[in-house]
Number of protein chains: 2
Amino acid sequence: MAKQKQDEGQAPKLTINDIARMAGVSKKTVSRVINRSPLLNRETRDKVEAIIRETGYVPNPQARALALGRNFLIGLVYDNPNVQMILSMQKGILEALHGTEFELVIRPVDRGSRQVMEDIQGFVTRQRLFGVVILPPLSENDALARMLDEQGCRYVRMGSAVLDDPEHMVVSNDREAVADAVRYLISQGHRRIGLVAGPHGFRSAQERREGFELALAEAEIGLPRSLIAQGEYTFESGLSASESLLDLSPRPTAIFASNDEMAAGVLYAARLRGISVPDELSIIGFDDTPVTTRVWPPLTTVRWPIVAMGRAAALKLIGTAIGEDEDVNEPSMFSSTLIRRGSVAPPSAS
Amino acid sequence: MAKQKQDEGQAPKLTINDIARMAGVSKKTVSRVINRSPLLNRETRDKVEAIIRETGYVPNPQARALALGRNFLIGLVYDNPNVQMILSMQKGILEALHGTEFELVIRPVDRGSRQVMEDIQGFVTRQRLFGVVILPPLSENDALARMLDEQGCRYVRMGSAVLDDPEHMVVSNDREAVADAVRYLISQGHRRIGLVAGPHGFRSAQERREGFELALAEAEIGLPRSLIAQGEYTFESGLSASESLLDLSPRPTAIFASNDEMAAGVLYAARLRGISVPDELSIIGFDDTPVTTRVWPPLTTVRWPIVAMGRAAALKLIGTAIGEDEDVNEPSMFSSTLIRRGSVAPPSAS
DNA sequence: GTCCACACGGACACCGGTGTCATAAGCATC
DNA sequence: GATGCTTATGACACCGGTGTCCGTGTGGAC
């Protein structure tokens with residue numbers, strides 16, 4: 001009764017002092033309980049923990065952040081226009097963070113902007129971020145990784161291939177996945193296979209292209225430059241890039257597009273010309289985004305486990321440090337699967 | 001030189017004390033400059049501001065948060081599966097927050113879960129959030145709004161119609177938008193128009209349905225129950241729900257689907273039955289998501305300004321408080337536009 | 001010339017945690 | 001029984017800001 005005025009305001013707003021008083025110990029001891037210090041008497045720990053549980057006390061994150069010089073925030077940094085990927089990553093990260101004391105802070109930056117480094121540095125140091133997850137293509141920026149190292153900020157780089165920095169990477173093996181997809185086309189009898197490549201400056205675009213070339217080389221199929229069109233990972237670019245391929249004579253009997261949006265563009269271009277898919281033209285995309293099942297015919301594509309990779313990235317981040325004794329050994333290399341739908345068939349006339 | 005050791009560690013990590021020393025004033029004076037206190041000598045203010053600018057000093061957000069009992073974080077809370085909407089909202093909010101000291105923290109909650117309230121309350125109070133933006137359908141939860149009021153947490157509710165709580169709402173006028181879309185169908189000569197409604201429990205579904213009914217009533221067109229199918233805002237649900245409509249005899253000559261995903265499902269179902277769109281069936285969707293232009297024919301749909309609404313919500317949040325003398329009078333009601341693409345034509349045989 | 005109001009600046013406590021170090025208690029050793 | 005060592009706990013300063021309150025200097029009114 002004396003000085004206690006619990007139910008006066010709205011929230012109890014318990015502090016560490018309140019807990020200490022109730023438990024008849026000092027602040028520091030409560031702090032030790034919270035931080036799982038090993039040099040604590042069992043009984044004391046149990047007593048304090050009981051009170052914490054009863055009262056529902058939660059330490060103030062701001063105070064901890066101030067004292068520790070480190071926040072319990074994970075940043076998600078990207079310069080990527082790919083909506084589906086961003087959201088799937090977000091989903092995976094949030095799954096991993098769920099139930100922990102970590103929160104996710106979003107930070108898009110302008111692709112190509114000069115201030116990207118300053119932006120991110122400011123973000124990271126100001127907010128005293130615990131760590132950041134970086135999405136491609138920004139994740140391919142080694143200078144950024146170096147800067148984060150210098151700032152002492154943990155980070156995980158998502159990517160399509162292992163870079164120099166394996167311990168900070170969570171990757172899918174795009175090259176092999178695409179090679180598999182193209183091998184499938186070849187096994188169906190296709191020999192004139194076109195490529196709609198992704199934009200320069202994207203490692204994933206390069207990897208996918210190499211996978212494409214690899215499969216063709218294996219089968220000793222030549223690859224004239226005319227069978228390669230340059231896209232920008234957008235629907236429109238896929239649409240216009242594929243026109244040069246569809247104008248060829250003889251026309252390719254199959255096209256691999258480096259992502260689903262462009263594959264949808266190829267499909268659209270084919271329809272505009274009255275080319276029947278898959279009878280006259282087979283198409284394979286990459287990403288397994290929802291659009292693949294919305295169009296007709298549904299697109300055969302390569303699925304990579306974005307959500308799982310996001311989860312792994314977050315676990316890697318929070319696992320390596322505060323002994324959240326989760327399964328830190330989550331694999332850092334993920335493999336993809338070919339999803340067979342309706343856009344591939346053997347070529348009509350060989 | 002004396003005690004200054006700037007370039008020793010990685011980051012300068014300037015504190016308010018450093019600035020005070022350099023300016024030859026006290027901490028408090030610097031604090032006053034930062035917080036734009038009006039009772040300050042012009043010269044002093046200028047001097048301190050100059051030093052802050054030179055040194056690039058930024059106050060530690062954690063310390064401010066602790067002292068003020070309030071963080072400079074905006075939460076985005078949703079229980080919604082609609083990827084496109086979430087990301088567009090995020091984009092708008094981030095645009096508004098760009099260049100301010102605010103950051104965006106993401107918080108999805110399980111739709112329908114019993115713990116939603118506790119979850120959000122914990123989130124809000126623990127992080128001492130400055131405010132939250134709530135997306136539908138969670139934004140329709142009045143109990144949540146009440147709880148936030150009690151917690152003294154600012155909030156903005158996104159929605160499809162003004163609820164009891166106008167000052168906290170940013171809304172689009174779905175009813176009128178749908179009525180317009182249906183009026184357009186009627187003007188094209190359609191009389192048998194089917195509806196694929198959205199799920200129960202979504203205000204937007206109800207509003208869109210009412211708009212549909214309104215337009216029909218205006219034109220004195222009857223609406224038998226058989227012309228209404230129930231969907232769940234997903235592609236699959238649109239696909240299966242539309243089957244009952246397409247089985248009718250006489251078949252509806254047009255279908256309004258309450259969102260684009262379901263409209264894509266209707267289109268898909270039509271294709272499966274060999275029904276030609278738009279010749280034999282007109283379709284209108286809602287949202288103007290990318291899928292509308294990926295399918296064939298491209299879907300006529302209703303576009304609502306999600307990004308702008310997200311921006312407005314964030315401005316409303318940060319504008320009302322700390323005299324960020326931005327344009328706080330951003331409108332809170334947004335109107336939608338009918339986007340005419342290729343999925344509507346006059347009925348073939350009237 | 002004196003007094004007062006007022007504008008400004010500084011000392012100090014405080015927000016709610018954590019790190020450092022000292023100290024008390026417990027126990028084996030000699 | 002004194003010594004030394006380990007283990008459990010607490011006192012206190014500190015993280016980097018902000019609020020309160022008081023002291024000082026200045027200008028205007030009389």
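Lettering of chains follows the sequences in order, A, B, ..., and the numbering in each one begins at 1.
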Taking only distance into account, with no hydrogens and no angle test, what donor-acceptor pairs under 3.5 Å do side-chain atoms of residues 105-115 of chain A form with protein atoms, sequence neighbours excluded?
{"unit_1": "A:R107", "atom_1": "NH1", "unit_2": "B:E103", "atom_2": "OE1", "d": "3.1"}
{"unit_1": "A:R107", "atom_1": "NH1", "unit_2": "B:E103", "atom_2": "OE2", "d": "3.0"}
{"unit_1": "A:S113", "atom_1": "OG", "unit_2": "A:Q115", "atom_2": "N", "d": "3.0"}

Under 3.5 Å, which donor-acceptor pairs do the side chains of residues 59-69 of chain B form with other protein atoms, sequence neighbours left out?
{"unit_1": "B:N60", "atom_1": "OD1", "unit_2": "B:Q62", "atom_2": "N", "d": "2.7"}
{"unit_1": "B:N60", "atom_1": "OD1", "unit_2": "B:A63", "atom_2": "N", "d": "3.1"}
{"unit_1": "B:Q62", "atom_1": "NE2", "unit_2": "A:Q127", "atom_2": "O", "d": "3.4"}
{"unit_1": "B:R64", "atom_1": "NH1", "unit_2": "B:E101", "atom_2": "OE1", "d": "3.0"}
{"unit_1": "B:R64", "atom_1": "NH2", "unit_2": "B:N35", "atom_2": "OD1", "d": "2.9"}

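Remark: A:A313 pairs with A:V133, A:V156, A:M158, A:V170 by the side-chain contact (heavy atoms from CB on, under 4.5 Å) rule, at least two apart or across chains. Evaluation of the side-chain contact (heavy atoms from CB on, under 4.5 Å) rule for B:S26 yields B:K28, B:T29 as partners, not counting sequence neighbours. For B:E49, there are no salt bridge (Lys or Arg N to Asp or Glu O under 4.0 Å) partners two or more places apart in sequence or in a different chain. Residues forming a salt bridge (Lys or Arg N to Asp or Glu O under 4.0 Å) with B:E118 (at least two apart in sequence, or on another chain): none. Every residue meeting the side chain to side chain donor-acceptor pair (under 3.5 Å) condition with A:D165, not counting sequence neighbours, appears here in chain and number order: A:Y155, A:R157, A:H168. Under the salt bridge (Lys or Arg N to Asp or Glu O under 4.0 Å) criterion, B:R128 pairs with no residue, sequence neighbours left out.
Using a 4.5 Å heavy-atom threshold, the side chains of B:S332 and B:V171 count as separate. For the pair B:V83 and B:I86, the minimum side-chain heavy-atom distance is 4.5 Å or more. Using a 4.5 Å cut-off on side-chain heavy atoms (C-beta onward), A:I16 and A:Y57 make contact.
Using a 4.0 Å heavy-atom criterion, one finds that B:V25 contacts the sugar-phosphate atoms exclusively.
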Kindly give the atom pairs (protein nitrogen or oxygen, nucleotide nitrogen or oxygen) under 3.5 Å for nucleotides 19-23 of chain C.
{"unit_1": "C:dG19", "atom_1": "N7", "unit_2": "A:K28", "atom_2": "NZ", "d": "2.8"}

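No donor-acceptor distance shorter than 3.5 angstrom exists from the side chain of B:S31 to the backbone of B:K27, with no hydrogens or angles considered.
From the 5' end on, the contacts that DNA chain D makes with chain B at under 4.0 Å to a non-hydrogen atom open and close at D:dG16 to D:dC21.
Inter-axis angle, ends of the helix from C:dG1-D:dC30 to C:dC30-D:dG1, five pairs per end, rounded to 10 degrees: 60°.
With the nearest nucleotide of DNA chain D identified for both A:S26 and B:L66, A:S26 has the one nearer the 5' end. Between A:Q62 and B:K27, the one whose closest nucleotide on DNA chain C sits nearer the 5' end is B:K27. Nearest-nucleotide positions on DNA chain C place B:G24 closer to the 5' end than the other of B:G24 and B:R128.
Under a cut-off of 6.0 angstrom, the local environment of NZ in A:K91 is sparse, with at most 12 non-hydrogen atoms contributed by other residues, nucleotides or ligands.
Within residues 47-59 of chain A, the residues approached by DNA chain C to less than 4.0 Å at the level of any non-hydrogen atom are A:Y57, A:P59, in residue-number order.
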